[in-house]
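Shown next, in structure tokens, is the structure this report addresses.
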Amino acid sequence: MLIYDEPINQAKPDPRHAAMPALGGFSVLDLVQLLWRRKIAIASAALLCACVAVAIGKSLTPKYTATAQLYVDPRELQLVDRELTPRAPDLSGLAMVVESQGRVITSNNVLLQVIRETHLERDPEFGGGDGKSLFGTLLGLFGIDLRPTAEQRKLVEMATLETLIRHINVKKTDKTFIVDIDVWSIDPAKAAMLSNAIAKAYLAETTQSQAARVRRATSDLSSRLTELQERLRNAENALAVYKAQNNFVGTQDTLISDQQLSASNQRLAAARALTLDAQAKYDQIAASRKTSADAGAIPEALQSPTIANLRSQYAEARKRQAELQSELGPRHPALRQMEKQVEDLRRTIGEETDRFLQAAKNDLTRARDYEASLNKALETQKRQSVQMSQAAVRLRELERDVEASRDVYQSFLKRSRETEEQETLNTSSARIIGDATVPQRRTFPPGMALFAMIGFMLGGLASAAWIIAVERLTPGANPVRPDTPASSAAQNRTPAATRQPSATPQPAVSLIAKPSITRLQESDVVRTLGGILATGGTLDVVRLGWPTLRAGFPLMTFLNTMREIRTALATRAAKDTASVLAVIGAGNGEDRSIAALNVALSAARDGARVLMIDADQKTHTLSNKVAHLAKEETGRLGWLNIGVKAARAIKSANGISILPALKASDTKASDTIRKAIAQARIGGDYDLVVLDGPAMPWSPADHALFDATDGLVAILPVKLDINESMEDIITALGETERKLVGVVINELTPTAVNRQRDKQYA
């Protein structure tokens, strides 16, 4: 008895097939064999594409690129104490300055200067010329020279500028102040000349713009100096007159009361600030304790090592609590313990915060006392200096006016002298660190070897893809592997006249440790309209209205499993005789018959000659499909002659012959089928005999029919419980279970749902 220690609907992959991965219906080995057979065509196409690529590369205009390197340091030289423009504050600002200078290099001012110095407007490569129109050119043939107008020269210059911009690529090296100026041209010497000219023009433009900027600043500062000088003189005269009128001459240093009052005011302001700071600190700590906010979020708590340690433990405990909440139930002891630990840490943090609250309260009390004492002292000083402060108000106002006017005047005077000197100085740090040299190799197109390599690879890949696509998409394509068991058996057969039936019965042992399990899915089959036959009245099994296997997919899982089953049957059957396979099932007759037809069709697709016998004496599903083509005759012409009259096998256009069911009792029908099987074994006209049925429940005659077969395949419709159906089949088979070589899980949609549509289009 077979042991089913795993679910029936899970099949173990065959290690032989696992070692050969399939790619969309092809295995790697089949792909390699297919490409090897077409190696000459692939190599020819690759060489042709390589030649075409080389020809294309030869036809392209070469381009040469020259590179000049500039060091653009945004930190200008500090030749005086103060600079006109502020320095960049940080690295990001410095990077932005360098990128901005890169845009200046390709600005119109710089490039127009290069065009005028190198006369690029006359270079045909850059769209230049003499600026003459067609009419002017014709007049030049007669010796009349028309000078281009200023507008025409401007248009030519702008066209040259646009072309030159497309020939330039300015790039900045990461994390450096190095800027590369790449210029390409069809002439290598011209590329180097233009790259150096652009670098020099940029330095000249930088110097000129800096000098112009400083010149404008100097002019603006100088225009304000006279007005500021006059304002300072008037302020000093007013201060001197006021001191003389109010007897402040020589007594400024003796106004000690004013100095004391000022110092007291400063101390009082500082004391008030301390009081406010202490009050704010106390209010903040008190508010944090009253609300539900985090008690350890105050600055003092954040600076405390104890609070920091407690908060770290609290965060770790909260993290662990969250993990336990996601893993355990809300009443789990570990979770309860972790919640208690979190609450203890929160309470400890609160106690530490209370200490900060008490300290803040003490600081607030001390600050208030200090402020009160300063207030008292200040009031005393105010009463003493009221009379003396009356006249000092105006004095201080005049002094402030004088100081402000003097500071502004001195600042403008000093700055004016600095900018006047900077006008003749070049403080820029930009310089050329690498002149462009004449390039020796072109940058485009690349080498012809690369073109040939790319063309060879693309040509080879394209031709291989084309061959694979043609092999896959050609209608009716069904390559048979050389090692297919059915094909080998068909080629090695001997003539029918020399065959003798084997007299030695085969031992009744199990074929395999466990039946091969496969699935018959919708993706494996195609559906056709029912009732359509092949031309000339010959039966075409793929046009019976039943779902049949797709053509052109030889390595689908169902076909591979059927090949393994046929190989197992060949070891059971006698040498040079046809193997016999009975297709049984737990579902209705139509589902089993459809599966049996696809089993026979899978063998026929591999080149085997198949005889299919309708052994279902209850429904005759297969016979009803082909009954209108069945004929009756006597004698040897029918070769399966049983009794006086017998049904003749109906040949199809697919390599399958179908023998309809005999309308007789179960015993007589079983004897007739067994005689037909014996005649098919020794006749030599067939490689495989497939029995459609018999249907469950099985009679003793059906079990006698099973004895005449080499193997059984069970069809299990997916709509039924697979394990339960399999147990029913094994129980009904009894000792015949040893012949069960395969299980097919039928996942096809029942054909009954499509009958109405088939009738409509039949």
(Q) Just checking Met457: does its CE atom have more than 12 heavy atoms from other residues, nucleotides or ligands closer to it than 6.0 angstrom? (A) no
**Q.** Sidechain-backbone polar pair: Arg550 side chain, Ser523 backbone, donor-acceptor under 3.5 Å
**A.** yes
Q) At what distance, to the nearest 0.5 angstrom, does CG of Asn598 lie from OG1 of Thr548? A) 6.5 Å
Q: Check whether any side-chain heavy atom of Met562 lies under 4.5 Å from a side-chain heavy atom of Asp606, and answer yes or no.
A: no
Q) CD of Glu205 to CD1 of Ile105: how many Å apart, nearest 0.5 Å? A) 11.5 Å
Q) Which heavy-atom pair separates Pro188 from Pro439 by the least distance, and what is that distance? A) O-CD, 3.4 Å
Q) Does any non-hydrogen side-chain atom of Glu522 lie less than 4.5 Å from one of Leu748? A) yes
Q | Heavy-atom pair of closest approach, residues Ala430 and Tyr202 | A | CB-CE2, 4.2 Å
Q.
Can you confirm whether Lys200 is buried at NZ, in the sense that more than 12 heavy atoms of other residues, nucleotides or ligands lie under 6.0 Å from that atom?
A. no
Q: Check for a donor-acceptor pair, side chain of Asp687 on one end and backbone N or O of Arg609 on the other, with a separation under 3.5 Å.
A: yes
**Q.** Side-chain heavy atoms of Tyr64 within contact of Ser185, under 4.5 Å
**A.** no
Q | Closest contact, heavy atoms only, Glu564 versus Ser516 | A | OE1-OG, 3.9 Å
Q) Mind checking whether His167 and Trp184 have parallel, tilted or perpendicular rings, split at 30° and 60°? A) parallel
**Q.** side-chain contact (heavy atoms from CB on, under 4.5 Å) between Ile715 and Leu520, worked out
**A.** CA-CA 10 Å; Ile715 309 299; Leu520 182 59; over 6 Å; no
Q: Indicate yes or no: at least one non-hydrogen side-chain atom of Asp123 is less than 4.5 angstrom from one of Lys190.
A: yes
Q) Would you find a donor on one side and an acceptor on the other, under 3.5 Å apart, between the side chain of Gln440 and the backbone of Val438? A) yes
Q: Would you indicate whether the side-chain heavy atoms of Leu544 and Leu597 approach each other to under 4.5 Å?
A: yes
Q | Whether Thr176 side chain and Lys172 backbone form a donor-acceptor pair below 3.5 Å | A | no
Q.
Tell me whether Lys39 at atom NZ has more than 12 heavy atoms from other residues, nucleotides or ligands lying less than 6.0 Å away.
A. yes
Q. Looking at side-chain heavy atoms only, is the closest gap between Ile198 and Thr106 below 4.5 Å?
A. no
Q: Applying side-chain contact (heavy atoms from CB on, under 4.5 Å), run through Met158 and Leu112 and close with a yes or a no.
A: CA-CA 9 Å; Met158 290 298 102; Leu112 286 176; 3.7 Å; yes
Q) Is there a donor-acceptor pair closer than 3.5 Å between any side-chain N or O of Ser195 and the backbone N or O of Ile181? A) yes
**Q.** Atom of Leu60, atom of Pro445 and distance for their closest heavy-atom approach
**A.** CD1-CB, 3.8 Å
Q: Check salt bridge (charged side-chain N to carboxylate O under 4.0 Å, His left out) between Glu117 and all other residues, then give those that pass, not counting sequence neighbours.
A: none
Q.
Which heavy atom of Gly460 sits nearest to which heavy atom of Ser463, and what is that distance?
A. O-OG, 2.9 Å
Q: May I have the step-by-step check of side-chain contact (heavy atoms from CB on, under 4.5 Å) for Ile168 and Leu111, ending in yes or no?
A: CA-CA 10 Å; Ile168 300 174; Leu111 297 184; 3.5 Å; yes
Q | Distance-minimising heavy-atom pair for Arg566 and Ser602 | A | NH1-OG, 3.7 Å
Q) For the atom pair CD (Glu157) and OG1 (Thr160), what is the distance rounded to the nearest 0.5 Å? A) 7.5 Å
Q) Tell me, do Thr118 and Met193 make a side-chain contact under 4.5 Å, heavy atoms counted? A) yes
**Q.** Stepwise side-chain contact (heavy atoms from CB on, under 4.5 Å) test for Glu125 and Ile186
**A.** CA-CA 8 Å; Glu125 181 184 355; Ile186 59 176; 3.5 Å; yes
Q. When rounded to the nearest 0.5 angstrom, what distance separates CH2 in Trp546 from CG in Leu601?
A. 12.5 Å
Q | Arg605 side chain to Leu549 backbone, donor-acceptor under 3.5 Å | A | yes
Q) Are Phe558 and Val744 side-chain neighbours, meaning at least one heavy-atom pair lies under 4.5 Å? A) yes
Q | Donor-acceptor contact present, side-chain Asn196 to main-chain Ala436, <3.5 Å | A | yes
Q) Hey, what do you get for OG (Ser579) to CD1 (Ile565), rounding to the nearest 0.5 Å? A) 12.0 Å
Q.
So, taking the atom named CD in Gln69 and the one named CD1 in Ile433, what distance separates them when rounded to the nearest 0.5 Å?
A. 5.0 Å
